[in-house]
Engineer: 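First, the structure itself, so that you have it in front of you.
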Amino acid sequence: MYEVGVDIGGTFTDAFASGGSGIIASSKVPTTPKNLSQCVLKALEELAGELKIPLDKFLSQSAFISHGTTVALNSIITGQTSKVGFITTKGHRDSIYIMNLEGRYAGLSPDQIQNIFRTKKPAPLLSKQLVKEVSQRMDYKGEVVVSLNEDEVRQAIKDLVSEKVQAIAVSFLWSFLNPAHEKRVKEIIQEMAPDLYVALSHEICPRIREY
């Protein structure tokens with residue numbers, strides 16, 4: 001079985017594969033900014049070629065693929081990101097600004113973590129006016145506690161479109177157990193603003209805690 005790593009950089013996309021028998025292969029292809037999936041697939045094809053096996057066989061024999069996005073990191077560092085709107089569960093708009101978990105203490109020493117009054121949080125990626133709350137709630141079992149208020153969803157989308165956002169991210173509590181509400185919001189966004197890119201939390205990081 002192979003272990004594979006792919007990293008999308010601003011100029012080149014690099015890939016690496018290692019096998020249990022000591023087999024190692026690497027590839028480097030130009031990054032395709034307009035469609036980053038193309039350079040990832042091309043890098044994987046080059047790896048398969050290095051190993052002299054068809055791509056489908058190479059992928060079927062891969063235990064996992066680790067994906068790095070240097071190009072995304074560079075965008076965040078330089079501030080050259082798209083204008084993004086955010087829709088979340090009512091009552092939880094400030095969670096991403098409070099940063100009570102990794103966002104506040106990542107990279108700090110134990111002494112710095114305990115010194116809350118001198119902790120400097122990273123600047124938020126979007127302003128609060130671009131965060132919209134809607135009524136809905138799943139519980140810890142993935143069961144619906146509060147139905148999705150589609151009128152609020154439509155108003156939130158309308159407000160974000162008026163702010164000229166280029167994409168909308170949707171993150172609801174416990175969506176990784178039951179993504180029905182996030183999926184429905186995506187359908188409404190595609191109906192009202194079909195050109196907007198939509199990211200759903202359960203598709204990107206289906207894990208417990210707030211990200």
Side-chain angles (χ1 to χ4, degrees), residues 6-14 29-43 65 67-99 101-104 106 121-136 148-176 179-207 209-211:
V6 182
D7 182 83
I8 303 175
T11 305
F12 293 102
T13 293
D14 299 290
V29 301
T31 293
T32 51
K34 292 184 178 180
N35 187 341
L36 297 177
S37 64
Q38 291 180 351
C39 56
V40 172
L41 292 173
K42 182 63 177 176
I65 298 177
H67 179 212
T69 52
T70 298
V71 66
L73 181 60
N74 290 343
S75 297
I76 293 173
I77 292 172
T78 60
Q80 297 178 341
T81 56
S82 299
K83 189 174 184 180
V84 179
F86 185 59
I87 298 176
T88 191
T89 304
K90 179 163 285 189
H92 292 267
R93 182 189 71 164
D94 290 325
S95 293
I96 58 174
Y97 300 98
I98 293 171
M99 298 183 191
L101 292 173
E102 286 89 342
R104 187 185 74 79
K121 298 177 182 179
L125 294 178
L126 68 167
S127 64
K128 286 189 178 182
Q129 71 183 37
L130 297 180
V131 180
K132 305 299 178 182
E133 300 174 307
V134 298
S135 298
Q136 68 79 223
L148 179 66
N149 188 318
E150 295 195 6
D151 290 337
E152 292 181 6
V153 171
R154 293 180 182 278
Q155 185 60 53
I157 296 167
K158 183 178 178 181
D159 292 343
L160 292 174
V161 169
S162 70
E163 293 282 353
K164 295 181 170 52
V165 299
Q166 297 164 286
I168 294 179
V170 184
S171 182
F172 292 148
L173 292 180
W174 301 102
S175 61
F176 64 94
H181 287 174
E182 285 193 355
K183 289 181 176 180
R184 178 55 184 152
V185 171
K186 182 176 183 177
E187 291 175 353
I188 298 174
I189 294 172
Q190 292 176 330
E191 169 195 326
M192 296 180 62
D195 294 332
L196 284 183
Y197 179 83
V198 182
L200 305 182
S201 72
H202 79 272
E203 294 178 343
I204 295 174
C205 188
R207 297 174 60 189
R209 294 190 177 182
E210 298 160 357
Y211 291 84

Engineer: Any side-chain heavy atom of Leu196 within less than 4.5 Å of one from Val161?
Structural biologist: yes
Engineer: If you take all heavy atoms of Glu152 and Glu133, which pair is closest and at what distance?
Structural biologist: OE1-O, 4.4 Å
Engineer: Scan side-chain atoms only and decide if Thr88 and Ser171 contain a donor-acceptor pair under the 3.5 Å cut-off.
Structural biologist: no
Engineer: Is the shortest heavy-atom distance from the side chain of Thr13 to the side chain of Val71 under 4.5 Å?
Structural biologist: no
Engineer: Any donor-acceptor pair under 3.5 Å linking the side chain of Gln136 with the backbone of Phe172?
Structural biologist: no
Engineer: Can you confirm whether Lys42 is buried at NZ, in the sense that more than 12 heavy atoms of other residues, nucleotides or ligands lie under 6.0 Å from that atom?
Structural biologist: no
Engineer: Please round to the nearest 0.5 Å and tell me the distance separating atom CG of Leu160 and atom CD of Gln129.
Structural biologist: 10.0 Å
Engineer: Write down the atom of Ala199, the atom of Ile204, and the distance for their closest heavy-atom approach.
Structural biologist: CB-CD1, 3.6 Å
Engineer: More than 12 heavy atoms of other residues, nucleotides or ligands under 6.0 Å from NZ of Lys158: yes or no?
Structural biologist: no
Engineer: From Ile189 CD1 over to Asp195 CG, what is the distance, rounded to the nearest 0.5 angstrom?
Structural biologist: 13.0 Å
Engineer: Does Leu130 offer a backbone N or O that forms a donor-acceptor pair with the side chain of Glu163 under 3.5 Å?
Structural biologist: no
Engineer: What's the shortest heavy-atom distance between Gln166 and Ser82, and which atoms?
Structural biologist: OE1-CA, 3.3 Å
Engineer: Should the heavy atoms of other residues, nucleotides or ligands under 6.0 Å from OH of Tyr97 be counted, would the total exceed 12?
Structural biologist: yes
Engineer: Would you name the heavy atoms of Arg154 and Met192 that are closest together and state the gap between them?
Structural biologist: O-CE, 3.5 Å
Engineer: Rounded to the nearest 0.5 Å, how far does CD of Glu203 lie from OG of Ser201?
Structural biologist: 9.0 Å
Engineer: Could you tell me whether the side chains of Asp159 and Gln155 share a donor-acceptor contact shorter than 3.5 Å?
Structural biologist: yes
Engineer: Stepwise, does the side-chain contact (heavy atoms from CB on, under 4.5 Å) test hold for Asp94 with Lys128?
Structural biologist: CA-CA 8 Å; Asp94 290 325; Lys128 286 189 178 182; 3.2 Å; yes
Engineer: Using atom types as modelled and distance alone, determine if a side-chain donor or acceptor of Thr89 lies under 3.5 Å from a backbone N or O of Leu173.
Structural biologist: yes
Engineer: Between Ile8 and Cys39, which heavy-atom pair has the shortest distance, and what is it?
Structural biologist: CG2-SG, 4.4 Å
Engineer: Flag the pair His202 / His181 as yes when at least one side-chain heavy-atom distance between them is below 4.5 Å, and no otherwise.
Structural biologist: no
Engineer: Should Val134 and Asn149 count as side-chain neighbours, where that means a heavy-atom distance under 4.5 Å?
Structural biologist: no
Engineer: Can you find a pair of side-chain heavy atoms, one from Ile157 and one from Lys132, that are under 4.5 Å apart?
Structural biologist: no
Engineer: Are side-chain heavy atoms of Ile87 and Val185 found at a separation under 4.5 Å?
Structural biologist: yes
Engineer: Out of curiosity, Leu41 CG to Asn35 CG, how far, rounded to the nearest 0.5 Å?
Structural biologist: 8.5 Å
Engineer: Does Ser75 offer a backbone N or O that forms a donor-acceptor pair with the side chain of Thr81 under 3.5 Å?
Structural biologist: no
Engineer: So, do Thr31 and Leu36 sit near enough that their side-chain heavy atoms are less than 4.5 Å apart?
Structural biologist: yes
